Amino acid sequence: ALPNVLLGVHGGDDFGFHIPTWLDAAAQNALLPRWAVGANFGFGDARFLFYPPLSWIMGGLLCRMLPSAFAMAFYVFLCGVIASSSMYLLAREFMNRSESMVAGMFFVISPYFLYDMYRRAAYAEALAMALLPGSVALLLRIQKHRRSRDIALFALSFSFIWLADIPLALISSITFSILTLVLSIAAHDWRFTISAAWGGLLAMGLTAFYALPVIAQLGWIDAHESGRIRSLKSFAFGVTTLLVAVALVHGLAATFALI
């Protein structure tokens, strides 16, 4: 956050989207506004309906309390605090306290996290990435302790990722599924799979206030096109990728079982 305070605001790639969205959200009295009045030269758009709400709710609240430049700096600071705490929580599953603090510090200054903040201005993705290690830590705690509290906290953390950034949420969903399957096979413990599945279902329930209106109104937009890129023709949806992923999961599971 200090570079923004001392050197001024850096206009990254997505700066022109996020900051006006925050200011628009701050200007409206609704917690969940539906129409961005200031977008598209005053014609507006429905970004508040379709774009994940967590980052612009945080940004809008900060812009109500602080000047926009300081609001952005404080948002960066909050993401850094969340990221370091999240990685500390994960590292504590394997390391002592001091080593975990070092891990949290290095995660905050990792190149891609800094690139998201200061070059891309991808504030939503940075927030989701900050939450990711903590979600993994809670998933590991579900396997170890099988406590309802850990399942609930995992669901809350996972839902925040979905409410922050959809691409990273999709990647996280695949990652958590593979990790759950590998650990269940390695430990011959399918109760862990059931517990993790309950956590995932609870997370989906917590995001329903955002997801259901989006699904109901997808017909109003061309969701499958982005310029000349067709999302459903992406490699992530291909049959070959699915088969490779399944083979990889079974290979990793066999490796863990042998260990």
Side-chain angles (χ1 to χ4, degrees), residues 1 4 12-19 21-22 25 32 47-62 71-91 103-140 152-180 196 199-211 213-215 223 226 231 234 236:
N4 289 327
D13 295 339
D14 293 342
F15 178 87
F17 172 82
H18 286 291
I19 302 303
T21 301
W22 295 2
L32 292 174
R47 68 181 60 180
F48 289 130
L49 174 63
F50 292 100
Y51 199 81
L54 190 59
S55 63
W56 56 256
I57 288 177
M58 286 179 56
L61 291 174
L62 290 174
M72 191 186 75
F74 196 68
Y75 181 95
V76 171
F77 171 76
L78 285 177
C79 285
V81 171
I82 294 170
S84 60
S85 303
S86 181
M87 179 54 75
Y88 174 84
L89 188 65
L90 176 58
M105 179 189 69
F106 273 101
F107 183 63
V108 172
I109 61 174
S110 60
Y112 189 73
F113 190 78
L114 295 178
Y115 185 77
D116 256 2
M117 286 296 189
Y118 295 108
R119 179 62 183 87
R120 292 187 60 221
Y123 298 127
E125 181 180 283
L127 179 59
M129 187 165 59
L131 293 163
L132 184 57
S135 297
V136 176
L138 291 167
L139 188 62
L140 295 177
L153 290 174
F154 169 73
L156 185 64
S157 177
F158 191 20
S159 68
F160 281 168
I161 293 176
W162 272 100
L163 294 173
D165 186 65
I166 296 299
L168 193 57
L170 290 171
I171 295 171
S172 301
S173 299
I174 296 170
T175 302
F176 294 158
S177 299
I178 293 175
L179 179 60
T180 299
L201 289 174
L202 181 57
M204 295 301 99
L206 292 172
T207 62
F209 75 93
Y210 159 68
V214 169
I215 294 170
S226 177
S231 60
S234 168

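As the structure is a computational prediction, the values presented were derived from the model and not from experiment.
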**Polar side-chain atom of T207 near backbone of S159 as donor-acceptor pair, under 3.5 Å** = no

**Prompt:** Within the distance-only criterion (no hydrogens, no angle test), does the side chain of S84 pair as donor or acceptor with the backbone N or O of G104 below 3.5 angstrom?
**Reply:** no

Out of curiosity, [X] [atom1] to [Y] [atom2], how far, rounded to the nearest 0.5 Å?
{"X": "Y112", "Y": "E125", "atom1": "OH", "atom2": "CD", "answer": "3.5 Å"}
{"X": "C79", "Y": "M129", "atom1": "SG", "atom2": "CE", "answer": "9.0 Å"}
{"X": "L163", "Y": "F158", "atom1": "CG", "atom2": "CZ", "answer": "11.0 Å"}
{"X": "D165", "Y": "L127", "atom1": "CG", "atom2": "CG", "answer": "9.0 Å"}
{"X": "L139", "Y": "T180", "atom1": "CG", "atom2": "OG1", "answer": "4.0 Å"}

Which atom of [X] lies closest to which atom of [Y], heavy atoms considered:
{"X": "S177", "Y": "S173", "result": "OG-O, 2.8 Å"}
{"X": "A155", "Y": "A203", "result": "O-CB, 3.4 Å"}
{"X": "S55", "Y": "P52", "result": "OG-O, 4.2 Å"}
{"X": "A103", "Y": "M87", "result": "O-CG, 3.5 Å"}
{"X": "A25", "Y": "F48", "result": "N-CZ, 3.7 Å"}
{"X": "G200", "Y": "F154", "result": "N-CE2, 4.1 Å"}

**Prompt:** According to the interplanar angle, ranging from 0 to 90°, do the rings of Y123 and Y75 count as parallel (below 30°), tilted (30 to 60°) or perpendicular (above 60°)?
**Reply:** perpendicular

Does [X] reach the side chain of [Y], with side-chain heavy atoms less than 4.5 Å apart?
{"X": "V76", "Y": "Y118", "result": "yes"}
{"X": "L132", "Y": "I161", "result": "yes"}
{"X": "F176", "Y": "V136", "result": "yes"}
{"X": "W56", "Y": "R47", "result": "no"}
{"X": "L90", "Y": "F107", "result": "no"}

**Asked** Sequence neighbours excluded, which residues qualify as side-chain contact (heavy atoms from CB on, under 4.5 Å) partners of L61?
**Response** I57

**Verdict with reasoning, F74 to M58, per side chain to side chain contact (heavy atoms under 4.5 Å, CB included)** = CA-CA 10 Å; F74 196 68; M58 286 179 56; over 6 Å; no

**Asked** Only one of Y210, W162, F160 clears side-chain contact (heavy atoms from CB on, under 4.5 Å) with L54; which?
**Response** F160

**Asked** In this structure, are over 12 heavy atoms from other groups packed under 6.0 Å from F106 atom CZ?
**Response** no

**Selection residues 129-138 - residue pairs positive for side-chain hydrogen bond (donor to acceptor under 3.5 Å, both in side chains), sequence neighbours left out** = S135-S157

